[in-house]
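Everything quoted here is computed from the prediction, not taken from an experiment. We name chains A, B, ... by the order of the sequence lines, and we start the count at 1 in each one.
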There are 4 protein chains.
Amino acid sequence: MTVQRKSTIRKDKILKAAERIFAQKGFQETTISDVAQEAGVSDATIYEYFTSKEELLFSIPGETARRGKEVIELHLKYIRGAANKIRAVVYHYLDFYQKEPNYASVAMLILKQNRKFLETKAYQDVREMSRLIIQVIEEGVASGEFKSQTDPYLARSMILGTIEHMVIRSVLLGKPENLLEWVDPLTDLLVDGLNREKGAMGWNLKINLEPREEPPGGKATPRAKTKTK
Amino acid sequence: MTVQRKSTIRKDKILKAAERIFAQKGFQETTISDVAQEAGVSDATIYEYFTSKEELLFSIPGETARRGKEVIELHLKYIRGAANKIRAVVYHYLDFYQKEPNYASVAMLILKQNRKFLETKAYQDVREMSRLIIQVIEEGVASGEFKSQTDPYLARSMILGTIEHMVIRSVLLGKPENLLEWVDPLTDLLVDGLNREKGAMGWNLKINLEPREEPPGGKATPRAKTKTK
Amino acid sequence: MTVQRKSTIRKDKILKAAERIFAQKGFQETTISDVAQEAGVSDATIYEYFTSKEELLFSIPGETARRGKEVIELHLKYIRGAANKIRAVVYHYLDFYQKEPNYASVAMLILKQNRKFLETKAYQDVREMSRLIIQVIEEGVASGEFKSQTDPYLARSMILGTIEHMVIRSVLLGKPENLLEWVDPLTDLLVDGLNREKGAMGWNLKINLEPREEPPGGKATPRAKTKTK
Amino acid sequence: MTVQRKSTIRKDKILKAAERIFAQKGFQETTISDVAQEAGVSDATIYEYFTSKEELLFSIPGETARRGKEVIELHLKYIRGAANKIRAVVYHYLDFYQKEPNYASVAMLILKQNRKFLETKAYQDVREMSRLIIQVIEEGVASGEFKSQTDPYLARSMILGTIEHMVIRSVLLGKPENLLEWVDPLTDLLVDGLNREKGAMGWNLKINLEPREEPPGGKATPRAKTKTK
DNA sequence: CATGAATGAGTGTTCATTCAT
DNA sequence: TATGAATGAACACTCATTCAT
């Protein structure tokens with residue numbers, strides 16, 4: 001066990017170092033020596049754990065992506081209402097990227113644009129994760145909470161696109177803003193759209209029609225509070 | 001004039017070649033020789049027009065971004081209603097990327113992740129272009145068409161994020177889908193959000209006519225419905 | 001004893017593995033890992049037995065060369081006539097290389113060209129072995145069987161050069177030909193040269209003059225005749 | 001022409017430098033930088049002319065091999081008698097290797113053991129060159145000058161093997177001996193074999209039978225006598 | 001004895017960029 | 001203006017070798 005750990009620890013150390021440096025300097029601009037130095041190992045040692053610089057890059061997701069999917073999957077089980085689930089998704093993404101700015105940088109600026117990454121195991125996890133959003137939307141449509149003509153893939157593009165756009169801005173501009181502040185406004189925007197709210201009436205109607213769903217009242221300023229993780 | 005033209009033509013030839021090759025192989029994977037060959041000039045000639053490979057890359061927007069801004073600016077003048085303006089913006093972006101897939105590739109996969117590009121003149125044009133969106137939203141808020149608490153920057157992130165997400169998908173997956181099909185569904189989604197329509201006026205009508213389904217006057221003609229994966 | 005053996009066995013296993021792999025891939029192209037794997041030991045273990053990759057290479061002769069010399073030396077004692085001794089030498093070389101193609105490969109393609117090998121103990125054995133040929137020739141000259149002006153070193157070059165040239169061909173071209181077929185034709189060629197035999201008369205004369213030497217009659221039984229390419 | 005020359009001259013300069021350094025240090029032990037330095041160019045320049053270090057090596061024959069074949073071919077036309085032709089061949093080889101010791105080193109110690117070289121254009125020239133020897137032997141057999149049962153391939157192995165063995169010795173041992181001294185003794189040995197000449201009588205017979213051939217009288221004037229070691 | 005793990009030292013090769021013509 | 005030719009500067013990757021366990 002100790003032995004096993006030793007090597008696992010070392011591997012993780014390298015991965016974390018790579019994440020940091022890649023985030024900072026970009027992939028092409030980073031040399032293996034940079035990573036080795038940051039990780040406190042020799043260049044050659046990196047090749048003990050990864051077959052190439054690219055494999056090192058592609059290994060950065062890995063646990064992260066898999067675990068992220070599991071966590072979000074678990075949480076969604078206990079949330080009622082598609083809108084609330086969207087909120088949870090938004091929360092999870094922003095919370096995660098907030099906590100892992102280096103990962104965010106690597107994912108948004110490097111991996112996302114890499115065609116070869118698409119063939120990666122880690123990308124499969126990413127896809128499965130984003131598949132959950134499709135399910136949430138379909139669920140919302142089925143329950144009547146969302147518009148029936150909603151194209152789930154389009155909606156997902158809207159949700160992920162918006163999140164990623166914000167994260168990229170935050171990462172690129174180096175703005176250390178509090179991403180979580182945006183969970184509610186963003187969710188509301190996604191769910192309600194740009195149009196002016198249609199008044200209490202609208203709500204009443206809705207509540208009347210579908211009493212079992214969450215009454216969005218007070219929704220306008222709900223800064224996520226119960227989120228854990 | 002002819003002389004001037006000669007050199008301008010050559011410069012454009014190089015730019016177009018670069019755009020094509022960069023789009024195809026990525027920036028780092030492309031050599032100056034690749035571009036030179038594609039452009040039918042010698043390597044050294046490229047340096048007559050651009051001081052470095054990076055400057056060549058950063059020169060690919062240029063006219064495009066400036067002209068794009070002008071065109072969209074012009075059109076917006078003749079459109080009434082913030083929602084319609086959003087539609088126009090969506091249309092222009094998708095139309096443009098559709099017509100210029102190589103440019104889309106370069107912009108979405110290469111420039112977007114480049115920190116140095118942010119300091120570029122061309123990026124200023126991009127920003128100004130995206131500034132228009134802010135204006136449209138503020139206008140919509142001011143006129144009461146959009147929700148008063150709308151954060152224009154957030155809204156813009158939603159609009160651009162969604163568009164770019166779609167374009168990246170299209171570019172990365174090599175799907176030659178018809179992006180214009182999505183103008184209406186996307187605009188509707190952005191403007192109306194995911195929630196079932198409540199209709200102000202229109203709402204009443206709607207409720208009467210088709211209580212549970214979308215009646216929004218055929219506007220949402222989601223041609224794309226079978227979108228898979 | 002068992003313990004001692006254990007280590008000797010292991011050493012031999014490594015040597016045989018090295019011989020095989022070196023023969024197959026060449027020295028520079030072979031890694032210590034290759035040899036270790038072939039031998040079923042770890043890389044580090046090889047360094048328990050040999051101080052360097054080169055020492056491993058130089059250890060491949062060793063017994064072989066020493067034993068070869070002894071065997072040939074022994075045999076020559078019981079053979080009369082310089083020509084017959086040459087035949088024996090040719091036989092021994094070809095027979096040995098035939099039976100040990102990997103050794104042949106290593107000796108002919110790797111060791112033979114290695115300047116440092118010349119300073120090796122094993123090379124001394126090789127030299128002593130080839131020294132025997134000098135003796136045979138000098139003996140032949142002294143007895144009058146060979147031409148008096150024969151330069152023994154030149155003659156040895158002819159004998160060894162021819163043998164080695166054939167072995168290299170066989171090894172390089174991967175021809176699994178039966179080298180022993182060539183013992184007689186080759187010996188005859190070496191001894192008699194290219195010139196047409198000088199007729200029965202010549203032989204008679206010879207026999208008359210030097211009855212104690214083997215009458216070469218019938219010796220020329222060149223079994224191999226259709227050799228092609 | 002000047003332009004063409006310029007690059008050709010440079011290429012030759014690199015080739016000669018490579019030949020020298022490879023001969024001195026061996027292929028693997030030589031770095032591109034070594035060659036570049038010797039040639040007075042930069043490392044990168046070498047790659048302007050050769051695609052790889054190995055291609056550089058394989059380019060060292062080239063003209064040499066082709067020209068060698070032509071020269072020898074031409075000369076053979078004007079020589080009568082197979083034995084004399086053999087002498088010419090021996091002469092040419094030894095003369096050439098004598099004059100080009102670096103080439104000899106590269107050919108004998110490096111190229112000869114390289115399997116990939118066998119697939120080279122240059123190797124084809126080498127083969128064609130050695131094909132000439134086959135022809136000479138067949139001619140000698142046909143004319144009755146050589147023994148009828150002579151296997152041409154075996155004979156060629158004897159001729160080339162002996163020559164190469166001598167050259168390798170000379171090259172490996174660094175003995176700057178005069179190889180040309182050996183032309184006659186070697187040729188005689190190859191042609192006449194080790195056996196004692198069959199007496200004056202034999203000669204007379206021979207002369208009678210084939211008057212136009214070189215009366216071997218005095219031919220065996222082994223100038224080299226002090227051969228040691 | 002055996003070896004897993006680590007690494008120092010090395011090198012072929014690439015390519016953006018320059019400049020004389 | 002255009003380019004053929006040359007190169008400086010980098011870098012990913014390999015592997016023989018060491019050594020603590």
Side-chain angles (χ1 to χ4, degrees), chain A residues 2-4 6-7 10-11 14 28-36 39-56, chain B residues 3 6-7 10-11 14 27-36 39-57, chain C residues 3 6-7 10-11 14 27-36 39-56, chain D residues 2-4 6-7 10-11 14 27-36 39-56:
Chain A
T2 310
V3 178
Q4 170 105 32
K6 197 75 157 292
S7 105
R10 216 172 174 90
K11 189 168 187 174
I14 294 170
Q28 298 290 351
E29 291 67 33
T30 296
T31 70
I32 284 290
S33 290
D34 291 337
V35 176
V41 301
S42 74
D43 291 27
T45 297
I46 290 184
Y47 286 90
E48 285 281 312
Y49 294 94
F50 306 94
T51 60
S52 71
K53 190 186 170 190
E54 200 170 46
E55 206 229 48
L56 172 59
Chain B
V3 178
K6 198 76 155 291
S7 117
R10 215 172 173 97
K11 188 167 188 175
I14 293 171
F27 181 69
Q28 297 289 352
E29 292 66 33
T30 296
T31 69
I32 285 289
S33 290
D34 291 337
V35 177
V41 301
S42 76
D43 291 26
T45 297
I46 290 182
Y47 286 88
E48 289 285 319
Y49 295 95
F50 306 94
T51 63
S52 72
K53 188 185 172 190
E54 203 170 42
E55 205 228 48
L56 171 58
L57 170 66
Chain C
V3 178
K6 198 73 155 295
S7 117
R10 216 172 174 94
K11 187 167 188 174
I14 294 170
F27 180 70
Q28 297 289 352
E29 292 66 33
T30 296
T31 70
I32 286 289
S33 289
D34 291 337
V35 177
V41 301
S42 76
D43 291 26
T45 297
I46 290 181
Y47 287 88
E48 289 286 318
Y49 295 94
F50 306 95
T51 64
S52 72
K53 188 185 170 190
E54 202 169 45
E55 205 227 53
L56 171 58
Chain D
T2 311
V3 177
Q4 171 104 30
K6 196 75 158 292
S7 105
R10 215 172 175 95
K11 188 166 187 175
I14 294 170
F27 181 69
Q28 298 289 351
E29 292 66 33
T30 296
T31 69
I32 285 290
S33 289
D34 291 338
V35 177
V41 299
S42 75
D43 291 27
T45 297
I46 291 183
Y47 286 90
E48 285 280 313
Y49 295 93
F50 305 94
T51 62
S52 70
K53 190 185 171 188
E54 200 171 45
E55 207 230 48
L56 171 59

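- Ile14(B) places its CD1 atom 12 Å from the P atom of dT1(F), with the value rounded to the nearest Å.
- Taking only side-chain nitrogens and oxygens, Arg10(C) comes nearer than 4.0 Å to OP1 or OP2 of dT3(E).
- Using a 4.0 Å heavy-atom distance criterion, Tyr49(C) is classed as a sugar-phosphate-only contact.
- One atom, CD of Glu55(D), and another, C1' of dT13(E), lie 14 Å apart when rounded to the nearest Å.
- Between the Lys53(D) side chain and the Phe27(D) main chain, a donor and an acceptor come within less than 3.5 Å of each other.
- Distance NZ (Lys11(A)) to C1' (dA5(E)): 15 Å, rounded to an integer number of Å.
- For the atom pair CD1 of Ile32(A) and OG of Ser42(A), the computed distance is 11.0 Å after rounding to the nearest 0.5 Å.
- Atom CD in Glu55(D) sits 13.5 Å away from atom OH in Tyr49(D) (nearest 0.5 Å).
- Figure legend. dA9(F) is base-paired to dT14(E); pairs are counted as Watson-Crick or G-U wobble with both atom distances under 3.5 Å.
- Checking the phosphate oxygens (OP1, OP2) of dT3(E), a side-chain nitrogen or oxygen of Ser42(C) falls inside 4.0 Å.
- Here the options are Ile46(A), Asp43(A), Val41(A), the test is side-chain contact (heavy atoms from CB on, under 4.5 Å), and the partner is Val35(A); only Ile46(A) passes.
- With rounding to the nearest 0.5 angstrom, the CG atom of Leu56(A) is 10.0 Å from the NZ atom of Lys11(A).
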Once each nucleotide of nucleotides 16-21 of chain F is scored for protein heavy atoms under 4.0 Å, what B/S/- sequence comes out, 5' to 3'? SBBB--
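- Rounding to whole angstrom units, CD of residue Glu29(A) and P of dA10(F) are separated by 14 Å.
- What separates CD1 of Ile46(D) from C1' of dT13(E) is a distance of 12 Å, to the nearest Å.
- Nucleotide dT21(F) is matched to dA2(E) when pairs are restricted to Watson-Crick or G-U wobble geometry with both distances under 3.5 angstrom.
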